[in-house]
Amino acid sequence: MLTPIPWQERPAGSKDIMWRYTENPVIGRYDIPSSNSIFNSAVVRFGDGFAGVFRCDNKRVQMNIFAGFSKDGIHWDINHEPIKFVPGNTEMIDSDYKYDPRVAWIEDRYWVTWCNGYHGPTIGIAYTFDFQTFYQCENAFLPFNRNGVLFPEKINGKYAMLSRPSDSGHTPFGDIYISFSPDMKYWGEHRSVMKTVPFEQSAWQCLKIGAGTVPIRTDEGWLMFYHGVIQTCNGFRYSMGAVLLDLADPTKVLHRSMEYLLAPAAPYELCGDVPNVVFPCAALHEGDRVAVYYGAADTCVGMAFGHISEIIEFLKKQ
């Protein structure tokens with residue numbers, strides 16, 4: 001029997017498609033002794049509970065990723081030391097920083113992707129069977145790239161990853177692309193998937209967009225939560241939307257958000273090291289229920305809930 005995913009019913013009187021967990025944040029900025037902040041992290045089912053890989057910036061504000069475990073998906077025991085990688089399909093496992101991980105179960109193991117510092121940000125890849133030993137593989141792409149998100153199964157016999165080519169800094173642009181690999185080492189067949197939307201049509205995603213959660217297979221298509229960014233007079237503002245991609249050919253967008261699903265509004269989203277941020281990185285689903293974990297204000301981790309069928313209907317109306 002699988003442990004139920006975290007869940008809380010929609011608040012009475014609410015008509016929101018997605019709603020926040022009333023006990024947010026689920027992970028605070030100081031939940032391990034060394035941390036300045038814990039955010040933009042990924043969780044999956046594991047054993048009789050859940051496991052995750054967490055972005056924990058230390059009090060020097062050095063960026064690294066840590067493993068953690070939970071019985072219920074809400075209360076987490078995060079290791080106090082960062083992940084120490086061993087060679088997988090490469091001997092080149094050094095990097096300047098690691099941040100914003102995602103985790104996908106594919107066939108027989110858990111694959112971790114993250115933004116890896118190698119002469120600038122690129123996409124690091126590793127695999128693990130137990131969240132104790134992590135085998136690092138070749139970086140997927142040349143710098144500069146961010147938001148590498150794997151599909152949870154092969155597409156036409158190949159691994160598939162969404163990403164956002166970027167620059168070396170706080171990128172003022174960005175679209176979502178897909179790439180394919182026969183072996184998790186060599187990547188190619190790069191294709192455009194989604195672009196930003198003109199300000200006049202959907203301003204919250206007019207500056208840049210990036211893949212967020214590992215896509216969920218549904219009868220209607222691949223459901224993925226993503227982030228969109230607008231530049232305001234107060235800086236970047238990150239919000240969450242969703243997209244439905246074709247099952248057989250995920251380069252095809254079937255439906256996507258024009259209205260956002262969740263935008264910074266709660267105090268822990270509005271105020272933090274980087275204010276005005278909702279940044280989805282993981283989704284647990286069970287039947288029609290989905291729980292999305294998101295980074296809040298680059299400081300802590302929040303969680304929001306929704307019904308997959310309602311989210312898909314929402315997208316169809318967009």
Side-chain angles (χ1 to χ4, degrees), residues 29 35-42 53-65 82 92 94-102 112-125 138-149 161-179 187 190 192-199 202-213 226-241 260 263-264 269-281 294-301:
R29 67 183 306 168
S35 65
N36 165 79
S37 50
I38 304 175
F39 59 106
N40 296 5
S41 302
V53 178
F54 300 85
R55 172 177 177 173
C56 304
D57 293 4
N58 66 19
K59 291 180 173 64
R60 298 187 185 185
V61 195
Q62 295 171 308
M63 299 169 285
N64 217 324
I65 55 178
M92 199 289 293
D94 295 328
S95 64
D96 297 324
Y97 48 77
K98 300 178 178 71
Y99 64 84
D100 296 0
R102 274 75 161 185
V112 185
T113 55
W114 68 91
C115 187
N116 199 36
Y118 178 73
H119 301 280
T122 183
I123 306 301
I125 303 178
E138 285 287 340
N139 291 326
F141 310 120
L142 291 169
F144 307 111
N145 205 310
R146 292 180 171 90
N147 299 305
V149 177
M161 189 193 311
L162 300 165
S163 69
R164 188 190 73 202
S166 60
D167 63 13
S168 61
H170 298 290
T171 314
F173 63 87
D175 300 319
I176 297 175
Y177 287 76
I178 192 170
S179 304
W187 292 85
H190 313 294
S192 172
V193 177
M194 291 172 59
K195 293 186 176 294
T196 56
V197 179
F199 177 90
S202 184
W204 69 270
Q205 55 183 329
C206 68
L207 183 72
K208 56 182 174 178
I209 56 175
T213 64
Y226 68 96
H227 66 264
V229 184
I230 179 176
Q231 173 126 39
T232 74
C233 58
N234 196 37
F236 289 171
R237 180 176 184 260
Y238 285 73
S239 303
M240 181 175 78
Y260 58 71
E269 300 160 356
L270 296 171
C271 184
D273 282 2
V274 180
N276 302 316
V277 175
V278 167
F279 192 93
C281 279
Y294 62 92
D298 279 17
T299 302
C300 57
V301 176

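Since this is a predicted model, take the numbers as computed values, not measurements. Residue numbers start at 1 and run along the sequence shown.
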Tell me the closest heavy-atom pair linking P264 and V277, and the distance in Å.
CG-N, 3.6 Å
Can you tell me how far CD1 of I230 sits from CZ of F236, rounded to the nearest 0.5 angstrom?
11.0 Å
Report yes if the side chains of D167 and P172 come closer than 4.5 Å at any heavy-atom pair, otherwise no.
yes
Please check: side-chain N/O of D175 versus main-chain N/O of T196, any donor-acceptor pairing under 3.5 Å?
yes
To the closest 0.5 Å, what do you measure between CD1 (I176) and CG (L162)?
6.5 Å
Shortest non-hydrogen contact from A211 toward N147
O-CB, 3.7 Å
Can you list everything that forms a ring pair (Phe, Tyr, Trp, His ring centres under 6.0 Å) with Y99? Sequence neighbours excluded, please.
Y97
Counting C-beta onward and ignoring hydrogens, is there a side-chain heavy-atom pair between R146 and W114 closer than 4.5 Å?
no
Could you tell me which residues satisfy side-chain contact (heavy atoms from CB on, under 4.5 Å) with S163, sequence neighbours excluded, listed by chain and number?
F141, N145, P165
Can you name the side-chain contact (heavy atoms from CB on, under 4.5 Å) partners of S168, sequence neighbours left out?
F144
Please report the closest heavy-atom contact between A263 and E269, naming both atoms and the distance.
O-OE1, 3.6 Å
Got a sec, which residues hit side-chain contact (heavy atoms from CB on, under 4.5 Å) with L142, two or more places apart in sequence or on another chain?
none
Could you check whether T232 and R237, counting side-chain N and O atoms only, form a donor-acceptor pair closer than 3.5 Å?
no
Atom pairs and distances, donor-acceptor, side-chain atoms in residues 35-42, under 3.5 Å, two or more places apart:
unit_1 : atom_1 : unit_2 : atom_2 : d
S35    : OG     : R29    : O      : 2.6
S35    : OG     : I32    : O      : 3.0
N36    : OD1    : R29    : NH2    : 3.3
N36    : ND2    : D273   : OD2    : 2.9
N40    : ND2    : D100   : OD1    : 3.1
S41    : OG     : F39    : O      : 2.8
S41    : OG     : R55    : N      : 3.0

Once you round to the nearest 0.5 Å, how far does CG of N64 lie from OG of S95?
7.0 Å
For residues M161 and G148, report the shortest heavy-atom separation together with the two atoms involved.
SD-CA, 3.9 Å
The single option from K208, R164, Q205 that satisfies side-chain hydrogen bond (donor to acceptor under 3.5 Å, both in side chains) with H227 is R164
Checking the side chain of S202 only, and the main-chain atoms of V197 only, is there a donor and an acceptor separated by less than 3.5 Å?
no
Looking only at non-hydrogen atoms, find the nearest pair between N116 and K98 and report the distance.
OD1-CG, 3.6 Å
To the nearest 0.5 Å, how far apart are CE in M194 and OH in Y226?
4.0 Å
With side-chain contact (heavy atoms from CB on, under 4.5 Å) as the criterion, how do V274 and F279 come out once you've worked through the C-alpha distance, each side chain's angles and the decisive distance to 0.1 Å?
CA-CA 11 Å; V274 180; F279 192 93; over 6 Å; no
Could you tell me whether a side-chain N or O of R102 sits under 3.5 Å from a main-chain N or O of G212, the two making a donor and an acceptor?
yes
Evaluate Y238 against D298 for side-chain contact (heavy atoms from CB on, under 4.5 Å), listing each step before the verdict.
CA-CA 11 Å; Y238 285 73; D298 279 17; over 6 Å; no
How far does CG of L270 sit from CG of N276, to the nearest 0.5 angstrom?
5.5 Å
Relative to each other, are the rings of Y260 and W204 parallel, tilted or perpendicular (30° and 60° limits)?
perpendicular
Counterpart residues, ring pair (Phe, Tyr, Trp, His ring centres under 6.0 Å), relative to F173 (two or more places apart):
none
What pair of heavy atoms forms the shortest contact from H119 to D96, and how long is it?
N-OD2, 4.3 Å
